[in-house]
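Atoms considered below: every heavy atom in the structure, side chains included; atoms not considered: hydrogens, waters and symmetry mates. In the text below, chain A, chain B and the rest are named by the order of the sequence lines, each starting its count at 1.
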Protein chains: 2
Amino acid sequence: MQPLDILPYLGKLQDYYTRERIVPSTTRLSLLWNVKARSWTHRIVQRLKEERFLENAPGGRARPGPRFFERTVGPMVRAGLPQQAADVQPELLRIDDYLIENPSRTILFPIKGDSMIDLGILEGDMVIIERANTASTGQVVLAIVDNEFTLKVLAQDKGGYYLEARNERKNQDYPPIRPEQKLEIYGLYVGLIRKTHVPGHRLSASR
Amino acid sequence: MQPLDILPYLGKLQDYYTRERIVPSTTRLSLLWNVKARSWTHRIVQRLKEERFLENAPGGRARPGPRFFERTVGPMVRAGLPQQAADVQPELLRIDDYLIENPSRTILFPIKGDSMIDLGILEGDMVIIERANTASTGQVVLAIVDNEFTLKVLAQDKGGYYLEARNERKNQDYPPIRPEQKLEIYGLYVGLIRKTHVPGHRLSASR
DNA sequence: TTGAATAAAGAACGATTGTTCTCTATAATT
DNA sequence: AATTATAGAGAACAATCGTTCTTTATTCAA
């Protein structure tokens with residue numbers, strides 16, 4: 001790590017960027033960082049560029065660099081039995097790169113209903129779909145049935161291909177879908193993102 | 001639609017933005033759009049702002065507006081098909097932007113175990129945790145109990161605060177956790193990302 | 001044919017930009 | 001105590017910025 005500790009500056013800039021979706025001018029960065037001299041702000045920006053958190057955009061402006069969107073990954077959390085909070089060195093991960101391998105063939109599809117709840121796909125989630133025309137049985141596919149998109153498991157029996165829901169509790173609500181005419185595969189389920197709505201009000205929890 | 005056809009300009013700007021991840025100055029926009037006069041470029045930018053394709057960022061600069069990432073006409077739009085599948089393009093919008101609100105206070109944690117399966121949190125998922133020292137009951141928290149990380153629902157009764165699992169089927173495997181000494185909140189569960197392993201081999205599925 | 005929108009260019013403005021250079025505190029090291 | 005590197009401030013510069021005002025070409029309906 002360089003002598004100058006740029007991480008606090010980086011953190012504030014990252015927060016600013018997610019708020020405003022822009023890397024501001026040196027003048028505004030000075031305000032954000034509580035730096036009086038624009039020259040010093042300029043120096044910090046240079047360090048951030050050296051570390052590839054920022055880079056030069058055409059026109060002399062700065063934009064996020066490759067490392068700007070790196071997120072720290074904590075130690076494994078045993079959601080079952082608790083696990084030692086071992087101090088493993090923090091890993092870094094870029095969410096977009098992690099989830100999306102072929103940007104041009106990938107779309108996001110919002111989920112309605114609970115027919116796939118057994119696979120951990122809830123209403124309001126966004127599934128990541130990679131375009132494909134074919135699939136194999138057992139795969140989760142986004143299919144077009146009767147002019148509507150639906151996310152189901154592709155299955156096959158003597159009657160041909162059909163689509164299955166994955167909801168044990170409400171299985172009778174989701175009978176297998178056997179297409180009238182054609183079963184058209186739109187893409188494959190390759191991932192999922194979920195944003196939870198956290199209530200703003202917070203109470204203390206120490207005891 | 002306004003008389004001035006701004007869509008060709010918007011298209012070029014979207015392409016530029018995908019490449020450079022920045023909305024350039026009027027001067028550079030003039031070059032991009034083959035417009036001789038910066039004043040005219042400025043007028044087009046104004047129209048784009050009126051239509052909310054662009055908006056003002058602090059400092060008088062322009063940034064993408066709410067409609068910038070809208071897919072105008074998809075390549076595969078079919079009569080009758082709901083547009084919902086194609087309304088967000090990962091090429092233009094970073095998933096990261098969608099999920100992370102406070103980068104400097106956000107950490108990802110990989111999940112092991114199935115104690116939170118009823119909330120759609122599966123083994124191998126990564127939960128997005130926003131650091132916080134306090135939480136309210138009912139919230140999903142990443143807590144440190146007896147020096148160990150665990151993701152659970154914060155609950156409270158006459159005995160004080162405790163942690164609940166969410167797995168109906170294996171409830172007996174996950175009894176409520178009552179901390180010996182202290183229940184320390186590390187952060188709040190604000191989102192989740194999942195990458196599924198898709199078998200590479202693909203068979204045809206038309207019939 | 002006239003007249004009004006519209007599309008585009010040109011000129012000019014003060015403000016802000018990124019950058020550089022010089023100077024001064026503060027902290028660490030010798 | 002002296003030295004040296006770091007952290008920060010201040011001033012100054014030309015270039016570029018967003019913006020406004022004015023002028024010219026083009027289109028198209030009346």
- Task: For K49(A), look at atom NZ and say whether over 12 heavy atoms of other residues, nucleotides or ligands are found less than 6.0 Å away.
- Result: yes
- Query: How many Å lie between CD1 on I44(B) and C1' on dT6(C), as a whole number?
  - Reply: 13 Å
- Hey, does I95(B) have a side-chain heavy atom less than 4.5 Å from the side chain of I100(A)? yes
- Item | Stacked cation flag R94(A) on F69(A), 6.0 angstrom / 45 deg | no
- Task: In whole angstrom, give the distance that lies between atom CZ of R47(B) and atom C1' of dA8(C).
- Result: 12 Å
- Query: Quick one: R43(A) CZ to dT6(D) P, roughly how many Å, whole number?
  - Reply: 10 Å
- Spacing between L29(A) atom CG and dT19(C) atom P, to the nearest angstrom: 12 Å
- Can a salt bridge be assigned to the pair R21(A) and E55(B) using a cut-off of 4.0 Å between side-chain N and carboxylate O? yes
- Is Y9(B) near enough to dA8(C) that one of its side-chain N or O atoms lies under 4.0 angstrom from OP1 or OP2? yes
- Message: In whole Å, I'd like the distance from the CH2 atom of W33(B) to the P atom of dA9(C).
- Response: 13 Å
- Task: Please examine the side chains of Y98(A) and K195(B), heavy atoms only from C-beta on, and report whether any two atoms are closer than 4.5 Å.
- Result: yes
- Less than 4.0 Å between a side-chain N and a carboxylate O, is that true for K152(B) and E164(B)? no
- Readout for nucleotides 16-23 of chain D: B = base within 4.0 Å of protein heavy atom, S = sugar-phosphate only, - = neither; 5' to 3' it is -BBBBB--
- dT26(D) P sits how many Å from K36(B) NZ, rounded? 13 Å
